[in-house]
Amino acid sequence: MIPTQEDAFAFMVQLMRDNPNGMKKYGYDIFLTVIVDQYISSTGIKRDQFSRVHESISVPFMSAAWELCRRGILRPGVRQIGQQDTTDGSGGSGFSYTMDASKWLEEAGQFDSVPMATGRFAQILSKYESRFGAIYQARSQEAIKCYGSLLYLACCSMAGAAAEAIFLTMAIAQAQGDEEKVMKEYLSKPGRQRIIDRTLGQQKEDLRNEILGGLSLLKYWRDSASHGAFNNIGDAEAHTALAFLLRLAQTTNDRWDDLVKTKS
């Protein structure tokens with residue numbers, strides 16, 4: 001019944017978005033005892049049994065709260081000078097919102113397709129390693145690590161590199177495994193566009209548009225990493241890049257037979 005840190009993180013964020021003032025106690029905006037009690041209630045345990053599990057369940061929630069601090073959403077301590085503090089709150093149970101918290105919570109709600117807990121999302125992307133290979137796996141996992149470290153530009157760059165690996169794997173499969181030929185053309189000017197046109201030219205419009213949407217990450221990756229065209233990349237943009245990457249991986253995997261068949 002003890003949640004993982006990722007489950008605790010997701011539970012906290014949901015509460016913060018649905019009722020940002022519903023976890024106040026003493027002088028703190030967020031008092032972990034309130035959150036832990038709500039989580040225990042959601043499992044069906046009766047209130048007279050809370051004390052039996054409260055301490056052990058508090059551990060992942062304390063880690064989740066620190067992750068929110070690391071991301072700049074919460075900070076330890078009371079809401080403002082002069083507010084009531086407590087020993088328990090000062091000992092790791094009391095937090096308050098930063099000035100950026102409301103904007104983050106509002107934006108985060110637009111990107112529910114990307115789990116906010118990076119470990120779980122890394123596992124989802126890893127499901128496609130057998131299809132898209134070691135380069136895809138390395139780049140997609142680097143994207144997740146960068147997001148977790150608040151390196152949003154690097155996250156977008158690595159997400160684009162993973163999208164490139166998906167596309168090249170698909171193009172090589174359609175070329176019946178002739179990797180050398182595909183890579184030679186891809187690296188020529190304008191080889192990438194020629195391969196995209198040839199690879200997707202035979203596909204139905206809905207599938208072609210779906211793949212092209214994901215491949216927009218290639219431009220995103222190239223421009224941001226090589227040309228520095230994007231200078232305001234933040235949490236929301238990184239969320240979008242990861243969402244596009246996941247959608248591209250899912251669609252390409254699910255429609256693999258349609259995508260790699262050659263014109264007879």
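Model, not experiment: these values are computed from the prediction. Numbering of residues begins at 1 and proceeds along the displayed sequence. In what follows, every heavy atom counts, from backbone to side chain, and hydrogens, waters and symmetry copies are set aside.
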Nearest heavy-atom pair of [X] and [Y]: which atoms, and what distance?
X    : Y    : answer
S96  : V78  : OG-C, 3.1 Å
D85  : S90  : OD2-OG, 4.0 Å
C155 : A238 : SG-CB, 3.9 Å
Y28  : G77  : CD2-O, 3.2 Å
R131 : T169 : O-CG2, 3.6 Å
G214 : A163 : O-CB, 4.3 Å

Atom CD1 of I81 with >12 non-hydrogen neighbours under 6.0 angstrom: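 Check fails, neighbour count at 12 or below.
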L151, CG: over 12 other non-hydrogen atoms inside 6.0 angstrom: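 Yes, CG of L151 has more than 12 neighbouring heavy atoms, counting only those of other groups under 6.0 Å.
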Are the side chain of [X] and the backbone N or O of [Y] linked by a donor-acceptor pair below 3.5 Å?
X    : Y    : answer
T43  : I40  : yes
Q203 : D258 : yes
R139 : M158 : no
N209 : E205 : yes

Is any side-chain heavy atom of [X] less than 4.5 Å from a side-chain heavy atom of [Y]?
X    : Y    : result
I196 : F167 : yes
L74  : D29  : no
P76  : W66  : yes
Y39  : M12  : no
Q174 : V182 : no
L200 : L207 : no
S126 : Q141 : yes
H54  : V36  : yes

Checking F95 against L68 for the side chain to side chain contact (heavy atoms under 4.5 Å, CB included) test, could you report, in this order, the C-alpha distance in whole Å, the side-chain angles of both residues, the deciding distance, and whether it holds? CA-CA 10 Å; F95 300 85; L68 285 163; over 6 Å; no
Is the Y128 to Y136 ring centre distance short of 6.0 Å?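 Ring-ring flag for Y128/Y136: false, centres at least 6.0 Å apart.
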Decide, yes or no, whether a salt bridge links [X] with [Y] under the criterion of side-chain N to carboxylate O below 4.0 Å.
X    : Y    : result
R198 : E185 : yes
E210 : R247 : yes
R194 : D197 : no

Please round to the nearest 0.5 Å and tell me the distance separating atom [atom1] of [X] and atom [atom2] of [Y].
X    : Y    : atom1 : atom2 : value
R75  : C69  : CZ    : SG    : 9.5 Å
I166 : L245 : CD1   : CG    : 5.0 Å
D254 : L259 : CG    : CG    : 10.0 Å
I144 : I124 : CD1   : CD1   : 9.0 Å
S140 : K127 : OG    : NZ    : 13.0 Å
T252 : I211 : OG1   : CD1   : 3.5 Å

For S93, which of I30, D88, V34 qualifies under side chain to side chain contact (heavy atoms under 4.5 Å, CB included)?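 The residue from I30, D88, V34 that satisfies side chain to side chain contact (heavy atoms under 4.5 Å, CB included) with S93 turns out to be D88.
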In terms of hydrophobic clusters joined by side-chain contacts under 4.5 Å, are [X] and [Y] together?
X    : Y    : value
I135 : M183 : no
L187 : I172 : yes
V59  : F31  : no

Test D7 against T4 for side-chain hydrogen bond (donor to acceptor under 3.5 Å, both in side chains), laying out the working first. CA-CA 5 Å; D7 290 333; T4 64; 3.2 Å; yes
Please assess K184 against E180 for the test salt bridge (Lys or Arg N to Asp or Glu O under 4.0 Å), listing each intermediate value before the final yes or no. CA-CA 6 Å; K184 183 177 180 180; E180 182 178 354; over 6 Å; no
Name the orientation class of the two ring planes belonging to F61 and F11 (parallel below 30°, tilted from 30 to 60°, perpendicular beyond 60°).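 Ring orientation, 0 to 90° scale: perpendicular.
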Taking side chain to side chain donor-acceptor pair (under 3.5 Å) as the criterion, tell me which of K181, Q193, E164 meets it with Y186.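 Between Y186 and the candidates, side chain to side chain donor-acceptor pair (under 3.5 Å) is satisfied uniquely by E164.
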